[in-house]
Amino acid sequence: NVRLGSLSNEVKAPVALSLPDGESITLEPLIRSQYRLGLKDFDPCTILLNNDLAAGVPGILEELHEQYLLPPLHASWRTRRKSNHAKAYEEIAKRFAKMLGMDHWLINPAHAICNGVGPDGGGLDELKTQADAVLTKIRRKYKEYGIQEKPFVVIKPDDGSSAAGIWAVRDAKELDDLASRIRQVAPRTEAGQGGGPLMVQEGVLTHERINDAVAEPVVYMMATTACMPSAARKTTSTPPVPAFCPWPSSRAPTCPSPA
């Protein structure tokens, strides 16, 4: 049996939500006992979270020692780091590439981590050094594979829950002009000071377009069915607009053109 509970404090009683196909789902308020979480007349063995917990872990989810919580709290964006994901992926990419006798760079963008930029500008030199090092690696690979494009790197907070900015640069010298903006929105350390870790990641070029906007192909798996937005529009004025096209994983996709 599956029922839907809500972490929202505004849900005080069951709320029915209508779906586009004419059916409906019901959200119910959570009921917490000493070590368990459930709903009225419903005591589940497993709780499946549909919340990345970027805003923090609510107390109602802590110390649930008698139930499975999936994903576990330590996998929330509050504690996750992009660098940990990149390191784990790099190990897998290298093994996979070795099996196929290929260069792992073809499926694994280069990256580096630095301490970030503090309020007084401290750390900017380290950031520039790391950015230049990654750009140098990319230029070498572009030359090796005959890629006639100008490489760039993307600089972002390593903290997964940070809402700080993301910057793209093609030359480490550009960071001098961006320094003040980076200091203003850089993630804070636990002590409340600026200079939270930053990730320097290789920018990956794309030729996918929806009209004049850059597009990002994405594939989601839902059980045995793959649901692929033919492209997610990337513009400065509108959020991504997916055009979903589900198909069984055993068949090749044929996606309609997005409206």
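- Between the side chain of Glu28 and the backbone N or O of Lys40 there is no donor-acceptor pair closer than 3.5 Å.
- Put simply, the side chain of Leu49 reaches to within 4.5 Å of the side chain of Leu61, judged on heavy atoms.
- Atoms NE2 and OH, from His111 and Tyr89 in turn, are 12.0 Å apart once rounded to the nearest 0.5 Å.
- The main-chain N or O of Ala110 is found under 3.5 Å from a side-chain atom of Glu202 such that the two form a donor-acceptor pair.
- Inter-residue side-chain proximity for Pro14 and Pro29 is flagged as met; some heavy-atom pair is nearer than 4.5 Å.
- Panel note: side chain Arg140, backbone Tyr142; no donor-acceptor pair is recorded below 3.5 Å.
- Taking CG of Asp171 as the start and CZ of Phe152 as the end, the distance is 14.5 Å to the nearest 0.5 Å.
- Side chains of Leu175 and Leu124 form a contact here, defined as non-hydrogen atoms less than 4.5 Å apart.
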Side chain to side chain contact (heavy atoms under 4.5 Å, CB included) between Lys128 and Asp176, worked out: CA-CA 9 Å; Lys128 290 168 63 178; Asp176 288 325; 3.1 Å; yes
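- Across all non-hydrogen atoms, the minimal contact from Leu135 to Ala172 is CD1-N, 3.9 Å.
- Side-chain atoms of Arg36 do not come within 3.5 Å of backbone N or O of Ile31 as any donor-acceptor pair.
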Criterion side chain to side chain contact (heavy atoms under 4.5 Å, CB included) on Ile155 and Ile166, from CA distance to verdict: CA-CA 6 Å; Ile155 298 170; Ile166 296 176; over 6 Å; no
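- Between Leu106 and Met102, the shortest heavy-atom contact is CB-CE, 4.0 Å.
- With respect to Lys87 and Glu90, no salt bridge is recorded, no charged nitrogen being found less than 4.0 Å from a carboxylate O.
- Side chains of Phe96 and Ile107 form a contact here, defined as non-hydrogen atoms less than 4.5 Å apart.
- Of the possible polar contacts, one joining the Asp158 side chain to the Ser83 backbone as a donor-acceptor pair under 3.5 Å is found.
- Put simply, CD on Glu149 and CZ on Arg170 are 8.0 Å apart, with the number rounded to the nearest 0.5 Å.
- For the atom pair CD1 of Ile25 and OG of Ser18, the computed distance is 9.5 Å after rounding to the nearest 0.5 Å.
- Proximity of Asp52 to Ser76: side-chain heavy atoms (C-beta onward) are nowhere separated by under 4.5 Å.
- Looking at heavy atoms from C-beta onward, Leu53 lies in side-chain contact with Pro58 at the 4.5 angstrom threshold.
- Inter-residue side-chain proximity for Ile47 and Leu64 is flagged as met; some heavy-atom pair is nearer than 4.5 Å.
- For the pair Gly5 and Leu39, the tightest heavy-atom approach, listed with the atom from each and the gap, is CA-CD2, 3.8 Å.
- Nearest heavy atom pair, residue Ala86 against residue Met199, reads CB-CE, 3.5 Å.
- The main-chain N or O of Ile60 is found under 3.5 Å from a side-chain atom of Arg32 such that the two form a donor-acceptor pair.
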Derivation and outcome, side chain to side chain contact (heavy atoms under 4.5 Å, CB included), residues Gln201 and Val153: CA-CA 5 Å; Gln201 189 172 43; Val153 294; over 6 Å; no
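- Using modelled atom types, one side-chain atom of Lys82 and one backbone atom of Pro157 make a donor-acceptor pair closer than 3.5 Å.
- A salt bridge links Lys141 to Asp103: one of the charged nitrogens lies within less than 4.0 Å of a carboxylate oxygen.
- The shortest heavy-atom contact between Gln67 and Tyr35 is OE1-O, 4.1 Å.
- The same ILVMFWY cluster, assembled from side-chain heavy atoms under 4.5 Å apart, contains both Val15 and Leu4.
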